S.K.: 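The structure follows.
What's counted below: heavy atoms across the whole structure, side chains too, no hydrogens, waters or symmetry copies. No experiment lies behind these values; they were computed from the predicted model shown.
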Amino acid sequence: MFGHSPSALSGTMKWSTHMRISSRLAVTLTACLGLALTGCADDGAAESGGDTIVYSPPVSGALPFLPVEVALAKGYFEDEGLEVEKKETSPAALPAAMSSGQVDMSADVVYNSARYVESGVDVKYVAGLNDNVDFTLLRRPDVDVAAPGEGADGWKETFASLKGLKIGTAGKGGPVGLSVAALLDQAGVGQGDFTLIDTPGSASVAALEGKQVDVVVSGGGFDAPLVQNGLAKPVLTFGDGIASVFGDQTNAALVMTASYLADNPDAAAKAQKAIATAIDYIKDPANIDDVLAIATVSGTVETDALADKIATYAYDASIDVAGVEAAFAWGKSAGIITKDVDVEATIAKGVETR
């Protein structure tokens, strides 16, 4: 499975073709999270108007945001009386598009959406999406990386063994890169003892094949094709292997602009109900074929393990306040955000919390 057999290489070529066909797959979850909150608002987003909610996904095909795609595909927003129009907007342009009212709703990893709040983009959480941090550290098959040791801090043995290595992670100055650097620091690896290399989208394939990186950090389901095609082997997942840091965090959530909610105060609760219905649909094993079809149409790379991968996600539409606080706390400790954020003030009125 992990060697460069003809079938594995064929799978790699098939995946690369898929990536070229879908331009949004050129931006992985880690690329989205690594981008600075800058950009021009005039980048494909339509002006929002009336009761129509303009939704723009941060990264098409990223599994943390699958409940939104299911709700769109199955008409669950419409069932709640919400008209949602999906528009593609580049990740760099998304914050400005939301600030200017061109986009009303998006989804993101929580500590990245905290950057929106900090930079003045007034958004409110209207639904949880999933609670498990799913970034995975993967190594090239010919590179030795220590397995996690025993105990809550066993992950530090793995990160200490990354000293001197080239680490692929899109947006090295963004949240994922800053998180990796912070974890390395906690493991005793100084700034000058490793190299972060941007590997957005399909660049991770070429970087691994060309031995330009020794390890990569990937997530959102985009790690699975690397493993299936023999390009990398998983070492640990952040949420499980680094539970002492990431275990209590809420991972991803749905957000709406405060300006839209001011004009449509019932929209938050309705959107959350639509997401809850979508999550129930995802969790029903009888629907797996349809869920897989929705995922791949939205941009998820199809692999043999996709159904099992989806089953690992802790999807939940209610908002875990403590989990959001934990994500914000990590964001500040890692230098992702610099200010204290009032979590209660970021949650829309009328939504279910826990």
S.K.: For residues P234 and V227, determine if any side-chain heavy atom of one lies less than 4.5 Å from a side-chain heavy atom of the other.
M.R.: yes

S.K.: Using a strict cut-off of less than 4.0 Å between a Lys/Arg side-chain nitrogen and an Asp/Glu carboxylate oxygen, indicate whether E352 and R354 qualify as a salt bridge.
M.R.: no

S.K.: Taking the side chain as every heavy atom from C-beta outward, state whether N132 and T237 have any atom pair closer than 4.5 Å.
M.R.: no

S.K.: Rounded to the nearest 0.5 Å, how far apart are CE of M105 and CE of M98?
M.R.: 9.0 Å

S.K.: Which heavy-atom pair separates R115 from I336 by the least distance, and what is that distance?
M.R.: NE-O, 3.5 Å

S.K.: Kindly compute the distance separating CD1 (I282) from CD (E69), expressed to the nearest 0.5 Å.
M.R.: 10.0 Å

S.K.: Report the distance from atom CG of D122 to atom OH of Y260, rounding to the nearest 0.5 Å.
M.R.: 16.0 Å

S.K.: Salt bridge check: are K309 and D223 linked by an N-O gap of less than 4.0 Å?
M.R.: yes

S.K.: Does D142 come within less than 4.0 Å of K211, counting only side-chain N to carboxylate O?
M.R.: yes

S.K.: Any chance you could measure K163, atom NZ, to L184, atom CG, to the nearest 0.5 Å?
M.R.: 11.5 Å

S.K.: Checking the side chain of K124 only, and the main-chain atoms of A345 only, is there a donor and an acceptor separated by less than 3.5 Å?
M.R.: yes

S.K.: If you apply the rule side chain to side chain contact (heavy atoms under 4.5 Å, CB included), what do you find for Q228 with D304, and how did you get there?
M.R.: CA-CA 8 Å; Q228 179 167 304; D304 296 339; 3.5 Å; yes

S.K.: Between atom CD of E325 and atom CD of Q249, what is the distance when rounded to the nearest 0.5 Å?
M.R.: 12.0 Å

S.K.: Does D340 have more than 12 heavy atoms from other residues, nucleotides or ligands lying within 6.0 Å of its CG?
M.R.: no

S.K.: Taking all non-hydrogen atoms of both residues into account, name the closest pair between P64 and L129 and its distance.
M.R.: O-CB, 3.6 Å

S.K.: Can you tell me if D134 and Y313 form a side-chain donor-acceptor pair at under 3.5 Å?
M.R.: yes

S.K.: Any heavy-atom pair between the side chains of S204 and F222 that's under 4.5 Å?
M.R.: no

S.K.: Given 3.5 Å as the limit, does a donor-acceptor pair link the side chain of T277 with the main chain of K273, or not?
M.R.: yes

S.K.: Looking only at non-hydrogen atoms, find the nearest pair between A71 and A278 and report the distance.
M.R.: N-CB, 3.8 Å

S.K.: Tell me if the CG atom of D248 is crowded by more than 12 foreign heavy atoms within 6.0 Å.
M.R.: no

S.K.: Between T89 and S56, do the side chains contain a donor N or O and an acceptor N or O under 3.5 Å apart?
M.R.: yes

S.K.: Examine distances only and state if a side-chain atom of N251 and a backbone atom of N130 form a donor-acceptor pair shorter than 3.5 Å.
M.R.: no

S.K.: Any luck finding a side-chain donor-acceptor pair between S106 and Y116 under 3.5 Å?
M.R.: no

S.K.: Just to verify, what does D153 make a side chain to side chain contact (heavy atoms under 4.5 Å, CB included) with, not counting sequence neighbours?
M.R.: W155, K156, S244

S.K.: Report yes if the side chains of V126 and V255 come closer than 4.5 Å at any heavy-atom pair, otherwise no.
M.R.: no

S.K.: Looking at every non-hydrogen atom in both residues, tell me the closest pair between S179 and Y111 and how far apart they are.
M.R.: OG-OH, 3.5 Å

S.K.: Is any side-chain heavy atom of L82 less than 4.5 Å from a side-chain heavy atom of T52?
M.R.: no

S.K.: Could you please spell out the steps behind the side chain to side chain contact (heavy atoms under 4.5 Å, CB included) verdict for V215 and L137?
M.R.: CA-CA 7 Å; V215 298; L137 175 69; 4.0 Å; yes

S.K.: Between Y76 and I275, is there a side-chain heavy-atom distance shorter than 4.5 Å?
M.R.: no

S.K.: With a 4.5 Å limit on heavy-atom distance, are the side chains of Q186 and V245 in contact?
M.R.: yes

S.K.: Between the side chain of T300 and the main-chain N/O of A295, is any donor-acceptor distance below 3.5 Å?
M.R.: yes

S.K.: Salt bridge check, D214 against R140: does any charged N sit closer than 4.0 Å to a carboxylate O?
M.R.: yes

S.K.: Would you say the side chains of D290 and Y281 form a donor-acceptor pair under 3.5 Å?
M.R.: yes

S.K.: Mind checking whether V110 and N112 have side chains closer than 4.5 Å, heavy atoms only?
M.R.: no

S.K.: Other residues, nucleotides and ligands only: do more than 12 of their heavy atoms fall within 6.0 Å of CD on E83?
M.R.: no

S.K.: Among T169, L226, T136, whose side chain to side chain contact (heavy atoms under 4.5 Å, CB included) with V216 holds?
M.R.: L226

S.K.: Check the pair L254 / Y55 against side chain to side chain contact (heavy atoms under 4.5 Å, CB included), numbers first and verdict last.
M.R.: CA-CA 10 Å; L254 188 70; Y55 168 72; 4.2 Å; yes

S.K.: Of all the heavy-atom pairs spanning T158 and S161, show the shortest one and how long it is.
M.R.: O-OG, 2.6 Å

S.K.: Walk me through it: do N229 and T303 pass the test side chain to side chain contact (heavy atoms under 4.5 Å, CB included)?
M.R.: CA-CA 9 Å; N229 288 291; T303 65; over 6 Å; no

S.K.: With rounding to the nearest 0.5 angstrom, report the OG to CD1 distance, S119 to I337.
M.R.: 11.0 Å

S.K.: I need the minimum non-hydrogen distance between F246 and L183, along with the two atoms involved.
M.R.: CE1-CD1, 3.8 Å

S.K.: Test your reading of the model: is there a side-chain donor-acceptor pair from E80 to the backbone of A271, 3.5 Å cut-off?
M.R.: no

